Every structure is written in structure tokens, then in C-alpha cells.
2 protein chains.
Amino acid sequence: MTEAAKRPTHRTDPLDSLLGYHLRRLSVVVMTDLTESLAPLQLKPAEASILLVIASNPGTTQSEVGRVLGIFRANMAPLIAALLKRGLIERKAVDGRSQALRLSSAGAAVCRRAQNVVREHEERLFGRLTREASATMVAQIRSLWQAKH
Amino acid sequence: MTEAAKRPTHRTDPLDSLLGYHLRRLSVVVMTDLTESLAPLQLKPAEASILLVIASNPGTTQSEVGRVLGIFRANMAPLIAALLKRGLIERKAVDGRSQALRLSSAGAAVCRRAQNVVREHEERLFGRLTREASATMVAQIRSLWQAKH
DNA sequence: TATTGTTATACTCTATAACTATA
DNA sequence: TATAGTTATAGAGTATAACAATA
């Protein structure tokens, strides 16, 4: 158990009733677990999510992947560069500025392993929720997210 | 609307069914809104949460605040130093190593304003959920979080 | 030995500005 | 004018190691 995760002794937490606070702290737990789970593949969560999106949308561009995942163009560049350098993805010019992205065969293999890691990660963290409870949470989060735009 | 928030065109998102993915993205929206809402008080979310915990637990120590909020000792130091420098909190030695923390009168005033900001922030983001739906989500998140320890 | 507080350091993600090249 | 991609830079949060002083 990490230091910061130790249980408080007898202090009250005035934030305990706030949904945003709980969302935030849970998301930290989720990200930490995912980061550790993907470490054997030498993938960061952002890189793994990019591989999954390319696998589902072969020929897409890096700007489009960024829009799907909510990652800025400026932050996509080094992520894509790292995946290219490792030979996990390939680029082919569509026109003078856009380039189609596809997984290499090595990338497809890593992507399959990443999919398994993600599935196990979700099962480990959320498996105790009923399928219905999980779906309800996703639906509620989606509606909240959409209300913001 | 920021660049990264633009809606995707027609690409599929293979992560769309994953609860952890939605939790993470919602938590980003929550943190961004809270950060912007607290900016007029010149408080970061972490600083505001520290003020709230001290207000509820006068005389607590900085290590204890860190344990309540899940913040490492090493990261508490500069946060507490900043609040001290601004005169929002006061320190008094308990023994040779621990020091009791309390809000100054200026700190109490800022803390009250922060409480209002947080209330409005939660209402703005989650007000569309019924009281019951919100309580259910908090309860589910709490149970998930506890399962991790 | 364990705890408090501190410093230094590193990593991930998010965000903006500025630039080149192309549509 | 708008878009694609890049670089540089900054900020917030999380995390580990190492140290001094104290319990």
C-alpha cells in the first residue's frame, strides 16, 4: 500500500459528499491500475488507446484519432512519433498534409495484447458491479459529458 | 470549445463501452471546470481541498491532511508552504516535528468563498442528476474504491 | 525504528502559442 | 482561410528516493 493510500485516522473529510471529488479519486485509481497493467507492453494508457482507435479505424489520420480521444494535436505528435519509432504503426501520405495510419503486424499483435490487458483491468476494477449498474453509470456519465457541449 | 473537445466526425471509438475510460474523461472535465472556477481565488483544486480539510479539522497536521486527501507528504510540503506564504493558514508546533494547522481569518474567508465555488461547481456539473442518482453514484464509487484496499 | 517534514527529481496528462506546409 | 503536423513550453497531479530532525 502506498503512503498516500493509507486510511485516515479519525479526521473528517468534508469532501466526502461531493460526487466530483469521488470521480476524481476513483479515476486516479483507475489510471494507476491501467498504467501498471500496460507497463509490460511498454505502453502508456494514451498510446494503448491510440492503437485501439487505429485498429478500429484503419486509414484514419492522427488528427482524427486526437479528436476521438480528446487529445490535442500538439500532444498527439510525440505519441505517434514513439509508436512509429517502435514500428507499431505505419504512415502513408493521403495528401500533402494528412497521412493515413495503420497498425503494422507487430502493432496488431501488441494491440491484441493491450485489448486483453484492458479487458482484465476493467474486470478487475468493475467486475463487482452488475452489468446493469455498469451500463447505468456509463449512460449517466455520457449524458453528463454531453451536457457540457 | 477547445480543440480537443470537438466532436469526432464519423470514426468509431472502441473505448466507448469501457467504464474506466468514461470515468477518466469525465474526471478531466470535472477538474478543468473546478480549476477554472477556483482561479479567481488563486487556488488550485489541491489547495482548496486542503483549506476545507483544515477548516473541518482545526489543529490537524499536514501529514494527516495528506492522508485524508490521498496526497503524498512530499507533495504536501510545497502546497502548505504556498498557503503559509499567503497567510491563509497558521502553524503552531505540537511537538518537535508535528505542527498544528489552522486557518487564519483571511484563510477562513477564502475558504468560505471556496466552499461556495465548489457548491456551484457541483451544481453546474451534476445538478441534472436526481439526488438519488447522485447518491447512488457516490455509493458505488465508494464501494469500488474500498474494494481496492 | 518509525514518523514528520523537506528537497530533488521524474513522469503522465492537459493546454496554449507559434510555426511550416498544404488544402 | 482553414487544416495537418510539429516544436516548445507550461501547469497540475502523482510518485519515489533520500535526508535531517524528532518520537
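Throughout, a chain's letter reflects where its sequence line sits, starting with A, and its residues are numbered from 1. Worth saying up front: this structure is predicted, and the values here are computed from it rather than measured.
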Residue whose nearest DNA chain C nucleotide is more 5′ - B/Met76 or A/Gly96: B/Met76

d(CD, B/Gln62; C1', C/dT7) in whole Å: 13 Å

C/dT3 phosphate, OP1 or OP2, under 4.0 Å from B/Ser98 side-chain N/O: no

Polar side-chain contact B/Arg73-C/dG5 base: donor and acceptor under 3.5 Å: yes

Gap between atoms CG and P, on B/Leu69 and D/dA12 respectively (whole Å): 17 Å

Distance in angstrom units between A/Leu34 CG and D/dA15 P, rounded: 14 Å

Nearest-angstrom distance from the residue atom CD1 of A/Ile50 to C1' of D/dG5: 14 Å

Residue closer to the 5' end of DNA chain D, A/Ala100 versus A/Thr32 (nearest nucleotide): A/Ala100

Sugar-phosphate, base or nothing in reach of B/Pro78, heavy atoms under 4.0 Å: nothing

Given DNA chain D, 5'-ward residue of the pair A/Val28 and A/Arg91, judged by closest heavy atom: A/Arg91

Under-4.0 Å side-chain N/O to phosphate OP1/OP2 contact, B/Arg24 with C/dT14: yes

A/Phe72 side chain, from C-beta outward: closest of D/dA15, D/dG5, C/dT14: C/dT14

Flag for B/Thr60-B/Arg102: side-chain donor and acceptor within less than 3.5 Å: no

Separation of D/dA10 P from B/Lys44 NZ (nearest whole Å): 16 Å

Side-chain donor/acceptor of A/Asp95 to base of D/dA4, under 3.5 Å: no

A/Arg113 atom CZ, neighbour heavy-atom count above 12 within 6.0 Å: no

Donor-acceptor pair under 3.5 Å, B/Arg97 side chain vs D/dT22 base: yes

Linked, directly or transitively: B/Val28 and A/Val68 (ILVMFWY side chains, under 4.5 Å): no

Distance below 4.0 Å between B/Ser63 side-chain N/O and C/dG5 OP1 or OP2: yes

Interatomic distance, A/Gln99 CD vs C/dA23 C1' [rounded to whole Å]: 15 Å

Minimum heavy-atom distance B/Phe126-A/Leu144, with the two atoms named: CD2-CD1, 3.8 Å

Nearest-angstrom distance from the residue atom CD of B/Glu47 to P of D/dT14: 13 Å

Touch class at under 4.0 angstrom, heavy-atom based, for B/Ala74 against every strand present: base

Any donor-acceptor N or O pair under 3.5 Å, side chains A/Asp16, A/Tyr21: no

Atom-pair distance (CG on A/Asn75; P on D/dA4), nearest Å: 16 Å

Modelled atom types, side-chain donor and acceptor of B/Gln62 and B/Arg91, under 3.5 Å: yes

Residue-phosphate contact under 4.0 Å: A/Arg67 side-chain N/O, D/dT3 OP1/OP2: no

A/Pro45 side chain, from C-beta outward: closest of D/dG5, C/dT6, C/dC13: C/dC13

